Amino acid sequence: MSALLAAHDLVAGFPDRPRVLDTVNLAIGRGTRLALLGANGSGKTTLLSCLAGSLKPTGGAVERDGAPIDWGRKGLREHRRHVQMVLQDPDDQLFSADVSQDVSFGPMNLGLEPDEVHARVREALTLLGADHLAERATHQLSYGERKRVATAGAVAMRPDVLMLDEPTAGLDPLGVHQMRDALDRLTDAGTTIVMATHDVALALDWADEVAIVCDATVHQGAPEALLSDADLVARSHLDTPWPLALAAALGLSARPRNLDEAVAALAPALGEFAATHDAAASVPGSDDTTNTDEETR
Amino acid sequence: MSALLAAHDLVAGFPDRPRVLDTVNLAIGRGTRLALLGANGSGKTTLLSCLAGSLKPTGGAVERDGAPIDWGRKGLREHRRHVQMVLQDPDDQLFSADVSQDVSFGPMNLGLEPDEVHARVREALTLLGADHLAERATHQLSYGERKRVATAGAVAMRPDVLMLDEPTAGLDPLGVHQMRDALDRLTDAGTTIVMATHDVALALDWADEVAIVCDATVHQGAPEALLSDADLVARSHLDTPWPLALAAALGLSARPRNLDEAVAALAPALGEFAATHDAAASVPGSDDTTNTDEETR
Amino acid sequence: MSGLHIGALDDAAWGSPWRRRRVGEKVACSMGLVLTALLAPTWPGTLLVAVAAIALIVGAARIRPRVLLAAMSAPIVFLILGAISVLFSVGTAPADAWWHAAFLSVGPTSVAQAARLFAHGLSGTLAVMVLATTTPMVDLLTWLRRFRVPDPLLEIASLTYRLLFVLAETTANVLAAQRCRLGDNPVGRWNGLSRRWHNTAAAVGAIGLRAWDRSSRLTEGLAHRGFETSLVTLPVPRVASPRLITATVVVLAAIWSISLVVAR
Amino acid sequence: MHIAEGVLPPVQCAIWFAAAAPFVVHGAVQVVKQIKHHPENRLLLATAGACTFLLSSIKLPSVTGSSSHPTGTGVGAVLFKPPVMAFMGLIVLIFQALLLAHGGITTLGANTFSMAIVGPWVGYGAYVLNKKLGGPLALGIFLAMFLSDLSTYCVTSFQLAFAYPDPSSGVLGAAEKFLGIFAISQIPLSVAEGILGILLFRFLFKV
């Protein structure tokens, strides 16, 4: 069974400099949520660009559905129908002052009929929770809104794989929730998502798999396994996400991925403690437990 | 005893639009570490600009050492000797070809002697942990390095108050550590620091006080108190930081501010649980406890 | 606060209740008034055009009077300066001069000229504001496509418009950052004049470099989006408004007939 | 300094449009040709246009508090050649008319002629002449910016003088008047812009 999108022995970089990526292997299965982690300048964006067909690697191959992609104009056009990338700064991608015109660029480029283009624009804006922005001027939007519009521009291509560079960077907590909700809707609609991020707690909670770029190579695996590897985490200039760090510090065998799982892992012990000590009976702030549903960063 | 920097009934905004800030009161004591929280577009940057003397409020006063600042040329010059602001994007504030030349921009404008300028540049770079960058070209630096150099440019003015807009945004975890270390050195050297941020966990751990901008006003108080206020947190589009959310979900009375305090609050209960159940005796990953010292986001 | 300055008319245009009307109708209305201001007998033609334009902008299109006033302040200064310079003739005073001193004089010809300049200028500018306050630049550019203006030219114009706001933010930030470090207010002789010059050059240079960087990043971003040869987008559907067309025709006809009757 | 809407009589508007049209069309043809070979040049030209527009929001320092703003067509002419500036200048003028109420639509021909055609050509001519005579680069930049500004303002004064000839001293007298009145702001501005040009190029060489 072959991966939807894969890198085989990928090499990328500039002549006369240390290679940015050196024999990188990565396989992304259909419907996966993959978080790509790594330090600033480690090569995350380079890897995404290669996978998106925007940067030709100096060695190795990018494969889609088991076949290496063709780097000619036609091959790339075909590749971009399936694989779309959203950059970190929305101002690097939005060229039209009118939101719905901007989102329509991709579908128009595919040569679709105006009705079909219109339907796709609406669909993409709805998936991103940005219907109400359709009539607005790009320059009047907030940073978070512009991020969602830029993402809608990629979604309107109905890609199989959507790759996002730091989709939550610079957003306030509400903006992060909205972006995550939008990504969940895309996953439900069958899109495979690759997200490059610095937020290890987000990666642990959101991803099915993580890939860590470190020393020009990539380590791929289950989030709780890779992010518990203290040595890898340190070498990659990352941090252990708090749920794993907490569990480790408390000597728990559980590897919670988020607040709920941390609570579930700790509650039995505390329940017993409370029963014997009767301490938690009248705790101030215990009405705050509604917060459990909220995301914690 | 008057505050070092304060806002009194501050009003700011544009004609014919809802006010960005409406009768805001804020007092910043000498040596405080204040985190300024709020949604995108809530008015954090506007408030910082007023406090920095970059934006004249439409009503109310900004006071330094108990006296309202004078918005004339001379008054502002005096104010900026004492209060410095660093914007979010370092690329907007680096104007020179090499690092030390850029850091010297402020001291040169103060009309200081070359020797004094040189001393200040060295001092600022040392405080920011950026000595080794002095001779480098600004465009060769990484994003995290550029952020520290931009901060050094403000520090070279030897301000009493340093205000930073999102100093950790866009940095990888290592970059965040380096920035925090630099800020700690500045605090030790007696600088009062105001940091606008979206990172509630960072604010809870770092700040002595927080100020939350919400509905055009500001709520000021102790971090663990304000950030436990679920209603305020929701209205401000923020999240409860994970240590407080965890403690609340588990019904603890403690309000831990970071991983260490969370571990300290939970360990007794778990210790007893482990003693009775003998469960944590052979936990994989318990050698990871060295991570406890690391920052968690 | 340069960003704010660009914003006022543009914000009004984007928020205008006429936003979704056909661009051609708005252009016809505005340009009809402009031509009337120029061609109809000055009195009362220009006055009527000014009144009609204000009524359309503030009344029908519901633009806040303050926005219009702010937009008009710069052209009014220019018109006053121009009118004053026309008001005084230089050289030997004409025989019919009402007033003269040294080589300056004011007479019926120069007064009529000054009044004409001011009246035509004010009414003409107000007539252009009918378009400026109701139609965002992108809509106009998209509309120009039907006149076979080559696509690359329109694309450059609309990219210019988009980049204007991106770079305005950069400009505001660079200038604010310089102000923080006393760039506009250095210590020194004549308020640090020579340093201020260097600082301004550094600011302009830094903005230029940032602009260059921005444009190459947008080029790359567009390559990611599959840009090859053209930036074609879906035109926005527009509503025909028979009422606006009728109103335009009626107003113009009324102004012309009143002017012609009165002028006779 | 642009001529406001409505100020020029209809016939003169038409004449200035006719005078400007060949230059603008020539520039537009050049631009379309360039874009065909380098599609990415769209962004570069758009950036130049946006920068020209934004330059007018930057205050130049002076001893007093009064402010003047650069126009920047000289530097554009040196970087992009005058034909391209004729077209880009037209775009900037349309934007200024509709976004800032600065200039006008019927006066677009006249304003394009003075700011986007005469200014760039004079500035570029001075730059090339200085280069041929072996003058220093700084002098070339100064002359390009100084003369493009100055010539724009002279042409504008004559355009106004044609429209409003002085009752006693005719077109020439009127031109003197307009030149005199606007000299207060325009001559210092031209000098200032020339100096800024030199400092700017010095800055860019360092970076």
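Worth knowing before you read on, the calculation uses all heavy atoms, side chains too, and leaves out hydrogens, waters and symmetry mates. Note that the coordinates shown come from a computational prediction; the quantities given were computed from them, not determined experimentally. Residue numbers begin at 1 in each chain, while the letters A, B, ... track the order of the sequences.
- If you tally non-hydrogen atom pairs under 4.5 Å between each of B/Gly153, B/Pro107, B/Ser49, B/Ala52 and chain C, the highest count goes to B/Gly153.
- Contacts with chain C were tallied for B/Ala150, B/Gly106, B/Ala156, B/Pro159; B/Gly106 has the most, counting heavy-atom pairs under 4.5 Å.
- Of the residues considered (B/Val86, B/Asp102, B/Val83), B/Asp102 shows the highest number of contacts with chain C, using heavy-atom pairs under 4.5 Å.
- Atom CD of C/Glu220 has 12 or fewer neighbouring heavy atoms from other residues, nucleotides or ligands inside a 6.0 Å radius.
- For a residue to count as touching a neighbouring chain, one of its non-hydrogen atoms must lie under 4.5 Å from one of that chain's; by this rule B/Gln84 touches chain C with the side chain only.
- Contacts of C/Asp184 with chain B are made by both backbone and side-chain atoms, with heavy-atom separations under 4.5 Å.
- Listed options B/Leu110, B/Leu94, B/Asn109 were ranked by heavy-atom pairs under 4.5 angstrom with chain C; first place goes to B/Asn109.
- Atom OG of B/Ser104 and atom CZ of C/Arg181 lie 8.5 Å apart (nearest 0.5 Å).
- Surrounding CZ of C/Arg62 are at most 12 heavy atoms belonging to other residues, nucleotides or ligands under 6.0 Å away.
- Most heavy-atom pairs under 4.5 Å with chain B: of the set C/Cys180, C/Gly188, C/Ala203, C/Ala176, this distinction falls to C/Cys180.
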Original post:
So B/Phe105 and C/Arg195, side-chain contact (heavy atoms from CB on, under 4.5 Å) or not? Walk me through it.
Top reply: CA-CA 10 Å; B/Phe105 183 84; C/Arg195 260 210 83 77; 4.2 Å; yes
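- Heavy atoms of C/Ala177 lying under 4.5 Å from chain B belong to its backbone as well as its side chain.
- Between the CD1 atom in C/Ile207 and the CZ atom in B/Phe95 there is a gap of 9.0 Å [rounded to 0.5 Å].
- No more than 12 heavy atoms of other residues, nucleotides or ligands lie within 6.0 Å of CG in B/Asp115, so this atom counts as exposed by the packing criterion.
- When every heavy atom of B/Arg80 is checked against every heavy atom of C/Arg179, the shortest pair comes out as CD-O, 3.1 Å.
- B/Arg77 contributes a side-chain N or O that, together with a main-chain N or O of C/Asn185, makes up a donor-acceptor pair within less than 3.5 Å.
- Between B/Asp89 and C/Arg210 a salt bridge is recorded (basic side-chain N to carboxylate O distance below 4.0 Å).
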**OP:** For side-chain contact (heavy atoms from CB on, under 4.5 Å), just list the numbers for C/Gln178 and B/Asp92, CA-CA rounded to whole Å, side-chain angles, deciding distance to a tenth of an Å, and then say yes or no.
**Re:** CA-CA 9 Å; C/Gln178 279 213 343; B/Asp92 290 341; over 6 Å; no
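- Residue C/Arg238 qualifies as enclosed at atom CZ: its count of foreign heavy atoms under 6.0 Å is above 12.
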Subject >> C/Leu182 vs B/Met157, side-chain contact (heavy atoms from CB on, under 4.5 Å): CA-CA, chis, key distance, verdict >> reply: CA-CA 10 Å; C/Leu182 294 176; B/Met157 299 289 275; 3.7 Å; yes
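- Remark: C/Arg214 does not engage B/Asp91 in a salt bridge, criterion side-chain N to carboxylate O under 4.0 Å.
- Ranked by non-hydrogen atom pairs under 4.5 Å with chain C, the options B/Met85, B/Gln88, B/Met108, B/Arg81 are led by B/Met108.
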